Amino acid sequence: SCSALQSVTIPDSVTSIGRSAFQSCSALQNVTIPSSVTSIGSSAFHSCSGLQSVIIPDSVTSIPYRAFSSCSALQSVTVPDSVTSIGRSAFDGCSALLSVTIGNSVTSIGYDAFKSCSELKNVTIPDSVTTIVDYAFHSCSGLQSVIIPSSVTSIGVGAFDSCSGLQSVTIPDSVTSIGNHAFQGCSVLQSVTIGSNTSISIGDFAFHSCTSLTSITFNALQLKNAV
């Protein structure tokens, strides 16, 4: 690791950034990825703990495994419309991340993708996404609101587990399953509105330890140990 590296200029001749290319460059503060780059390798910027901003060009089509995980100073990120998938743990542990804009072409948000982004306040999931996978937003303790689009059909295991700042959630008619522990430990969650899909199933302990929950509006659910 180049732990003393503070800045880097990536020339337009570069088309890919390799696996772990800048991993643990803890003094690196800013990076601009040129539009010539079409691929970013796994763990490319993992543990760049001083990285405050990054510009991802619209030439990139995927953000892979741990690409920016543990970038604990990163405050904002825009995922461009060219990106179709956000990989497993892509932004896991970005504890200073205040805002994220997810492009309208993203169809897949990976396991643990935004786990422990504890300062993230709001997130809008685009209507290109069909599944919110397991633990995608686990322990986003600052998350106050989330918009789940009508394209989503399933919410995975622990997807919003321990989002202790989440106050309300509306689950659209399109959702057919809510996984085990999906909203467990959302301790200030006061109300949940679940769509009119009569075939929806709610997993074990889906709303367990939601100690402020006073209202669940639902219709014809297969409910077992949900609260």
Side-chain angles (χ1 to χ4, degrees), residues 76-77 79 81 85-86 90-92 97-227:
S76 67
V77 67
V79 177
D81 288 344
S85 66
I86 299 173
F91 297 97
D92 185 359
L97 191 63
L98 297 170
S99 65
V100 60
T101 301
I102 301 173
N104 292 324
S105 299
V106 171
T107 58
S108 172
I109 298 175
Y111 181 102
D112 281 350
F114 294 96
K115 182 181 178 183
S116 299
C117 292
S118 55
E119 292 298 316
L120 188 62
K121 298 288 189 285
N122 306 288
V123 64
T124 299
I125 299 167
D127 58 13
S128 50
V129 173
T130 58
T131 301
I132 302 173
V133 300
D134 298 353
Y135 308 106
F137 296 94
H138 187 289
S139 296
C140 290
S141 55
L143 189 63
Q144 297 175 359
S145 67
V146 60
I147 297 174
I148 300 172
S150 58
S151 57
V152 170
T153 58
S154 65
I155 298 172
V157 172
F160 297 96
D161 189 344
S162 300
C163 290
S164 54
L166 190 63
Q167 297 175 12
S168 65
V169 64
T170 298
I171 297 166
D173 293 353
S174 56
V175 172
T176 59
S177 66
I178 299 172
N180 297 344
H181 309 281
F183 295 93
Q184 177 175 285
C186 294
S187 55
V188 300
L189 185 64
Q190 296 179 17
S191 66
V192 175
T193 301
I194 298 174
S196 58
N197 191 323
T198 57
S199 63
I200 192 171
S201 64
I202 297 181
D204 293 350
F205 305 105
F207 297 96
H208 181 66
S209 296
C210 293
T211 53
S212 299
L213 190 59
T214 58
S215 172
I216 301 180
T217 304
F218 60 88
N219 181 28
L221 302 181
Q222 300 169 20
L223 188 63
K224 179 181 179 183
N225 297 332
V227 178

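These values consider heavy atoms only, across backbone and side chains, with no hydrogens, waters or symmetry-generated copies. Bear in mind the structure is a predicted one, so any value in this text is a computation, not a measurement. Heads up: numbering here begins at 1 and tracks the sequence.
Checked by atom type and distance alone, the side chain of Thr153 never pairs as donor or acceptor with a backbone atom of Val175 at under 3.5 Å. Remark: the backbone N or O of Ser150 is paired with a side-chain donor or acceptor of Ser174 at under 3.5 angstrom. Looking only at distances, no side-chain donor or acceptor of Ser99 sits under 3.5 Å from a matching main-chain atom of Ser76. A donor-acceptor pair under 3.5 Å is absent between the side-chain atoms of Asp134 and the main chain of Gly156, judged by distance alone.
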**Request:** Quick one: do Phe207 and Val192 satisfy side chain to side chain contact (heavy atoms under 4.5 Å, CB included)? Show the steps, please.
**Result:** CA-CA 10 Å; Phe207 297 96; Val192 175; 3.7 Å; yes
**Request:** Assess whether side chain to side chain contact (heavy atoms under 4.5 Å, CB included) is satisfied between Tyr111 and Asp92, documenting all intermediate values.
**Result:** CA-CA 10 Å; Tyr111 181 102; Asp92 185 359; over 6 Å; no
**Prompt:** Would Ile148 and Ile155 count as a side chain to side chain contact (heavy atoms under 4.5 Å, CB included) if you check the C-alpha gap in whole Å, the side-chain angles of each, and the deciding distance to 0.1 Å?
**Reply:** CA-CA 10 Å; Ile148 300 172; Ile155 298 172; 3.9 Å; yes
**Message:** Walk me through whether Val129 and Thr107 qualify under side chain to side chain contact (heavy atoms under 4.5 Å, CB included).
**Reply:** CA-CA 4 Å; Val129 173; Thr107 58; 5.9 Å; no
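A 4.5 Å side-chain heavy-atom check between Leu189 and Thr211 finds every atom pair outside the cut-off. Side-chain contact check for Ile194 versus Ile216: some heavy-atom pair is nearer than 4.5 Å. Side-chain atoms of Ser105 and Ser128, non-hydrogen and from C-beta on, never get closer than 4.5 Å to each other. Within the 4.5 Å cutoff, the side chain of Phe160 has heavy atoms near those of the Ile132 side chain. For the pair Gln190/Gln167, no side-chain contact is recorded, criterion being any heavy-atom separation below 4.5 Å from C-beta on. Contact of the Phe205 side chain with the Asn180 side chain is not registered, since no non-hydrogen atoms from C-beta on lie closer than 4.5 Å. Two residues are said to be in side-chain contact when any heavy atoms from C-beta on lie closer than 4.5 Å; Phe91 and Val100 fail this criterion. Inter-residue side-chain proximity for Leu166 and Val188 is flagged as unmet; no heavy-atom pair is nearer than 4.5 Å.
Distance NE2/His181 to NE2/His138: 9.5 Å, rounded to 0.5 Å. The line from CD of Glu119 to CG of Leu97 is 9.5 Å long, rounded to the nearest 0.5 Å. Atom CG in Leu213 sits 11.5 Å away from atom OG in Ser187 (nearest 0.5 Å). Atom SG of Cys163 sits about 11.5 Å away from atom CD of Gln144, to the nearest 0.5 Å.
For the side-chain contact (heavy atoms from CB on, under 4.5 Å) criterion with Ile147, the lone passing option out of Ile125, Thr124, Asp127, Thr170 is Thr124.
For the pair Ala113 and Ile109, the tightest heavy-atom approach, listed with the atom from each and the gap, is CB-CG2, 3.7 Å. In terms of heavy-atom proximity, Gly179 sits nearest to Ala206 at O-CB, 3.9 Å. Across all their heavy atoms, Pro126 and Pro149 have their closest contact at O-CG, 3.4 Å. Closest heavy-atom contact between Ser177 and Ile200: N-CG1, 4.1 Å.
In this structure, a donor-acceptor pair under 3.5 Å is present between the side chains of Asn122 and Ser145.
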